[in-house]
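These notes are about the structure you will find just below.
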Amino acid sequence: MKDWFKMLTIKDIAKKAGVSVATVSKVMNGYDDIGEVTKAKVLKIIEETNYRPNANAQSLRTNKSFLVGLFFKDHQDSGLKHPFFRGIISGLETTLVENNYDMILFSTNWEDQFSYLEKCEFRNVDGAILMGMPKDDPKLVEFLEAKFPAVFIDLDIVTENSSYVISDNKIGARKAVRHLIELGHQKIAIITGESITVPTRERLIGYKLEMAAQNLKIRDDWIIEGHFSVNGGYESMQKILELPEQPTAIFCQGDEIAIGAMQAIEARGLSVPADFSLIGFDDIEISQYLNPGLTTVCQKKEAMGSAAANMILDLISKSEAGVEPIILETELIIRNSTRKL
């Protein structure tokens with residue numbers, strides 16, 4: 001009997017409920033012009049029979065694949081191991097599944113052979129979500145010109161068919177610097193990520209704005225360009241440790257940068273926060289388990305993923321002409337890597 005249920009069609013559901021196929025379709029697609037009694041009856045039969053729509057039939061009827069493509073790059077080629085993007089992907093998946101969509105993760109090893117648009121067309125996805133690519137990526141030009149539904153994460157691009165989700169990096173950076181200042185620090189350095197990324201630029205602006213607002217000197221030799229990685233943090237902190245005049249606190253633009261900086265400090269026989277206060281950005285899971293626990297600015301990673309999923313579904317459905325960007329608030333998480341002077 002269970003196997004027969006799997007073979008049910010929408011016509012069978014309509015017959016059992018004593019309604020038209022159009023009515024069943026409207027119930028399944030959330031239309032609000034169906035009476036509550038009829039809706040409840042249809043939904044009960046669907047639940048009892050374990051009915052699942054045939055994906056191929058749905059695609060033919062709606063001209064949609066119910067697939068979203070995910071393009072992911074990071075400058076260290078860490079892929080799905082990247083601790084920040086894992087949280088975003090979790091939020092994406094949850095929201096897409098709730099809306100009867102699946103997600104395809106596109107590999108990056110085809111880059112030289114195919115463009116973003118070609119991959120989307122080959123896999124027949126309805127829309128795409130892109131994370132981590134630089135704004136000057138030449139493959140984006142063709143993609144945007146094709147007016148393909150797209151959502152960018154951490155990349156501020158808006159067109160009629162695309163928009164973006166990002167954290168408020170400027171305000172988040174200001175929160176980090178203000179926390180250090182409130183602890184009595186005035187000599188505050190910053191280790192950045194790659195300069196081509198939007199978060200790097202926005203967080204550097206936030207650092208400078210807060211330093212200026214507090215009438216503190218911004219020194220060029222205390223602005224160290226690094227990489228969003230543990231190795232990048234380690235190497236950048238080594239440069240700071242060689243300076244003739246050293247800061248008392250360091251704002252690291254990413255938690256992995258802060259972890260590397262902490263290792264470099266300890267390798268010199270120094271410690272956090274006794275010799276340097278450190279603050280990160282992201283609040284990746286390991287941050288709370290470090291010794292000392294890392295003070296950081298929390299990005300709401302799963303909320304970013306969920307917002308991006310809802311945004312791409314809006315663009316696919318063409319419910320509105322264009323979608324406004326979403327800028328999410330950050331939260332300062334105080335742990336033990338910062339101390340009062």
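Heads up: numbering here begins at 1 and tracks the sequence.
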Exercise. Could you give me the CA-CA distance, side-chain angles and deciding distance for L290 and I259, then say whether side chain to side chain contact (heavy atoms under 4.5 Å, CB included) is met?
Key: CA-CA 8 Å; L290 298 173; I259 292 169; 3.7 Å; yes
Practice problem: Determine, stepwise, if the pair S195 / E225 fulfils side chain to side chain donor-acceptor pair (under 3.5 Å). | Solution: CA-CA 7 Å; S195 61; E225 183 177 339; 3.3 Å; yes
Practice problem: Output, in order, the C-alpha distance, side-chain angles, deciding distance and verdict of side chain to side chain contact (heavy atoms under 4.5 Å, CB included) for I326 and L328. | Solution: CA-CA 6 Å; I326 294 175; L328 297 174; 3.7 Å; yes
Practice problem: Dump the intermediate steps for side chain to side chain contact (heavy atoms under 4.5 Å, CB included) on V42 and V19, then the final yes or no. | Solution: CA-CA 9 Å; V42 171; V19 298; 4.1 Å; yes
Quiz item: Given F143 and I157, is the side chain to side chain contact (heavy atoms under 4.5 Å, CB included) satisfied, shown in steps?
Solution: CA-CA 12 Å; F143 189 73; I157 294 177; over 6 Å; no
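In this structure, T95 contributes its side chain and A309 its backbone to no donor-acceptor pair below 3.5 Å. Within the 3.5 Å criterion, the main-chain N or O of K139 finds a donor-acceptor partner in the side chain of D137. Q253 places a side-chain N or O within donor-acceptor distance of the main-chain N or O of T200, the cut-off being under 3.5 Å. The backbone N or O of C120 lies less than 3.5 Å from no partner atom in the side chain of N124, so there is not a single donor-acceptor pair. Between the side chain of S317 and the main chain of D314, a donor-acceptor pair closer than 3.5 Å is present. Although no hydrogens or angles enter the test, the distance criterion places a donor-acceptor pair under 3.5 Å between the side chain of K301 and the main chain of D282. Side-chain atoms of R335 do not come within 3.5 Å of backbone N or O of G293 as any donor-acceptor pair. In this structure, the side chain of T296 does not engage the main chain of C298 through any donor-acceptor pair within 3.5 Å. Side chain of D275 to main chain of S271: a donor-acceptor pair is present (N/O by atom type, distance under 3.5 Å, no hydrogens or angles). No donor-acceptor pair under 3.5 Å is formed between the side chain of K16 and the backbone N or O of T49.
Counting heavy atoms from C-beta outward, D168 and E329 have side chains that stay 4.5 Å or more apart. I129 places none of its side-chain heavy atoms less than 4.5 Å from the side chain of F71. Considering only heavy atoms from C-beta on, R86 stays 4.5 Å or farther from I284 through its side chain. Contact check for I88 versus E302: no side-chain heavy atoms found under the 4.5 Å cut-off. In this structure, I257 and F228 have side chains that are in contact, with non-hydrogen atoms separated by less than 4.5 Å. Under the 4.5 Å side-chain criterion, counting only non-hydrogen atoms from C-beta, I89 is in contact with L70. I223 has its side chain within reach of K208: a pair of non-hydrogen atoms, C-beta onward, lies under 4.5 Å apart. Counting only heavy atoms from C-beta outward, the side chains of V198 and I166 approach each other to under 4.5 Å.
Placement of V177 and I334 within a single hydrophobic cluster is found when ILVMFWY residues are connected by side-chain heavy-atom separations under 4.5 Å, directly or transitively. Under the 4.5 Å side-chain contact rule for hydrophobic residues, L144 and V158 share a cluster. No path of Ile, Leu, Val, Met, Phe, Trp and Tyr side chains, each step under 4.5 Å between heavy atoms, connects F281 with I153, placing them in separate hydrophobic clusters. Cluster annotation: L183 is not connected to L332 through the hydrophobic network of ILVMFWY side chains, with a link wherever side-chain heavy atoms come within less than 4.5 Å. A single hydrophobic cluster is seen to contain both L243 and V272, as judged by linkage of ILVMFWY side chains at heavy-atom distances under 4.5 Å, directly or through other members.
Rounding to the nearest 0.5 Å places CZ of F85 at 6.0 Å from CG of D154. For the atom pair L180 CG and S277 OG, the distance stands at 6.5 Å (nearest 0.5 Å). For the atom pair T248 OG1 and I188 CD1, the distance stands at 6.5 Å (nearest 0.5 Å). Taking CD1 from I240 and CD1 from I224, the interatomic distance works out to 5.0 Å, rounded to the nearest 0.5 Å. Considering CZ of F66 and CG of D102, their distance stands at 10.5 Å, rounded to 0.5 Å. The CZ atom of R174 sits 9.5 Å away from atom CD1 of I181, with the distance rounded to the nearest 0.5 Å.
Contact check on E118 versus R123 returns no salt bridge, with no Lys/Arg side-chain nitrogen under 4.0 Å from an Asp/Glu carboxylate oxygen. Between D221 and R219 there is a salt bridge, since at least one side-chain N of the basic residue sits less than 4.0 Å from a carboxylate O of the acidic one. A salt bridge is defined here as a Lys NZ or Arg NE, NH1 or NH2 lying under 4.0 Å from an Asp or Glu carboxylate O, and K39 with E36 meets this definition. Under a 4.0 Å N-O distance rule, the pair K135/D156 qualifies as a salt bridge.
Across every non-hydrogen atom of L117 and A146, the tightest pair is CD2-CB, 3.6 Å. Here the shortest heavy-atom pairing between S162 and F152 reads CB-CE1, 3.9 Å. Residues F106 and V125 come closest through the heavy atom pair CZ-CG1, 4.2 Å. Of all heavy-atom pairs between E245 and W222, the closest is O-NE1, 3.1 Å. Residues I34 and T23 come closest through the heavy atom pair CD1-CG2, 4.1 Å. Scanning all heavy atoms of the two residues, the minimum distance from I316 to G127 falls at CD1-N, 3.9 Å.
A donor-acceptor contact under 3.5 angstrom links the side chains of Q299 and S167, judged on distance only. The closest side-chain donor-acceptor pair between S287 and D255 falls under 3.5 angstrom. In summary, the side chains of T338 and T295 do present a donor paired with an acceptor at a separation below 3.5 Å, with no hydrogens or angles considered. With no hydrogens or angles considered, a side-chain donor-acceptor pair links S115 and E142 at under 3.5 Å. Side chains of Q214 and E210: a donor-acceptor N/O pair is present below 3.5 angstrom, by distance only.
A ring-centre distance under 6.0 Å is not found for F122 and F114.
Residues satisfying the side-chain contact (heavy atoms from CB on, under 4.5 Å) criterion with A261, sequence neighbours excluded, are I191, M237, C252, L278. Considering only residues two or more places apart in sequence or on other chains, D33 meets the salt bridge (Lys or Arg N to Asp or Glu O under 4.0 Å) condition with K26.
For CD of Q238, the number of neighbouring non-hydrogen atoms (other residues, nucleotides, ligands) closer than 6.0 Å is greater than 12.
Checked options M262, R339, K340; the residue passing with P273 is R339 (criterion: side-chain contact (heavy atoms from CB on, under 4.5 Å)).
Listed by first and then second residue, the ring pair (Phe, Tyr, Trp, His ring centres under 6.0 Å) pairs that reach into residues 159-214 come to none, sequence neighbours excluded.
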